[in-house]
Amino acid sequence: MDSVDRASSGPVVVAIDGPSGSGKSTVSRAVAARLGLSFLDTGAMYRAMTWWMLANEVDVEDAEAVAIACGKPVIVSGTDAAGPTITVDGQDVSGPIRGPEVTAKVSAVSAVPAVRARLVELQRGCAAHTERGIVAEGRDMGSVVFPDATVKVFLTASERARSERRAAELRAKGVDEATITAMAADLARRDAADSSRETAPLTQAADAVLVDTSELTLDQVIDTITALVERKAGLTAAQ
């Protein structure tokens, strides 16, 4: 039996945006799984592009060089919520793209208009080829990539809450404390960079629903967004 009862024709698009550490990826995957939708981590696509640039010794601070090179890598994002994948030129890069080197440079690469144009095209293609619909998370899903999304959500949380969550996540992965401190402190820098860039800045779409997760548990956030999608898109989660 299908896990979703469709009440309308055409694929459903749930756009979830927000700053680093707001829980977008975890929440989006869970909502997608509960509703039987595909899942797209667009941040992983920008990280994959950044990883390729670094691996191929492209100066990521040189916007022109990045723009010229960004058409070369073949980036493929798997959309199965149970096990999303990301490959570059056929290589699984799901691990390497989460490293501190990529984290430190991804905002610079993401700010290049040619990079965004290429990846937005790929992201829209992923959504167009889903049978039921997709939950797409990132920083400009509702404002730029999917302006006509069925449901738009902007997830946020206090800087302290986001830093604590990121630190806990890194500790669980065995990351050393010095790296944790550096990466947690990097949240504010990335927020500022992503919010102030000229092309597709991090911003809440006018018709997006704001969800502050600072005082909510993960399950509460998932329940809140699932209910919103059910109500606005006419979907029913499997029991």
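R116 places a side-chain N or O within 3.5 Å of a backbone atom of S110 that can act as its donor or acceptor partner. In this structure, S214 contributes its side chain and S158 its backbone to a donor-acceptor pair below 3.5 Å. The closest donor-acceptor contact from the side chain of K152 to the backbone of P147 lies under 3.5 Å. Between the side chain of R162 and the backbone N or O of A157, at least one donor-acceptor pair lies under 3.5 Å. Side chain of T150 to backbone of V13: a donor-acceptor contact under 3.5 angstrom is found.
Side-chain contact annotation: R47 with T103, donor-acceptor N/O pair under 3.5 Å present. Between the side chains of D92 and S94, at least one donor-acceptor pair of N or O atoms lies under 3.5 Å.
For the side-chain contact (heavy atoms from CB on, under 4.5 Å) with F39, the qualifying choice from C126, S28, S77 is S28, the only one to do so.
Taking CG from D219 and OG1 from T224, the interatomic distance works out to 10.5 Å, rounded to the nearest 0.5 Å. In this structure, L40 CG and T130 OG1 are separated by 10.0 Å, a value rounded to the nearest 0.5 Å. A distance of 11.5 Å separates CD1 in I86 from OH in Y46, rounded to the nearest 0.5 Å. One distance of note links CZ of R34 with CD1 of I222; it measures 6.0 Å at 0.5 Å rounding. We find the CE-CG distance between M53 and D59 to be 11.0 Å, quoted to the nearest 0.5 Å. Note that CG of L210 is 11.5 Å distant from CG of D17, once rounded to the nearest 0.5 Å.
Side-chain contact between E137 and T26: absent, with no pair of heavy atoms (C-beta onward) separated by less than 4.5 Å. Looking only at side-chain heavy atoms (C-beta outward), T42 and V145 stay at 4.5 Å or farther from each other. Contact check for E101 versus W51: no side-chain heavy atoms found under the 4.5 Å cut-off.
Two different hydrophobic clusters hold V144 and V112 under the rule that ILVMFWY side chains link at heavy-atom gaps under 4.5 Å. The hydrophobic cluster containing V229 also contains L155, counting ILVMFWY residues as joined when their side-chain heavy atoms lie under 4.5 angstrom apart, directly or transitively. Using a 4.5 Å cut-off between side-chain heavy atoms of Ile, Leu, Val, Met, Phe, Trp and Tyr, with links allowed through other members, V211 and I16 fall into the same hydrophobic cluster. Linking Ile, Leu, Val, Met, Phe, Trp and Tyr whenever their side-chain heavy atoms come within less than 4.5 Å puts V88 and M45 in one cluster. Linking Ile, Leu, Val, Met, Phe, Trp and Tyr residues whenever their side-chain heavy atoms come within less than 4.5 Å places V58 and I97 in a single cluster.
The two residues Q220 and L216 make their nearest non-hydrogen contact at OE1-CA, 3.3 Å. The shortest non-hydrogen separation linking A15 to A149 is CB-CB, 3.9 Å. Contact between R118 and C70 at its shortest, heavy atoms only, is NH1-O, 2.9 Å. Minimum heavy-atom separation, A48 to V93: CB-CG2, 4.3 Å. Summarising the geometry of D89 relative to K72, their closest heavy-atom pair is OD1-O, 4.4 Å, with the distance given to 0.1 Å. The two residues S22 and T213 make their nearest non-hydrogen contact at O-OG1, 3.7 Å.
Taking 4.0 Å as the cut-off between side-chain N and carboxylate O, D207 and K232 do not count as a salt-bridged pair.
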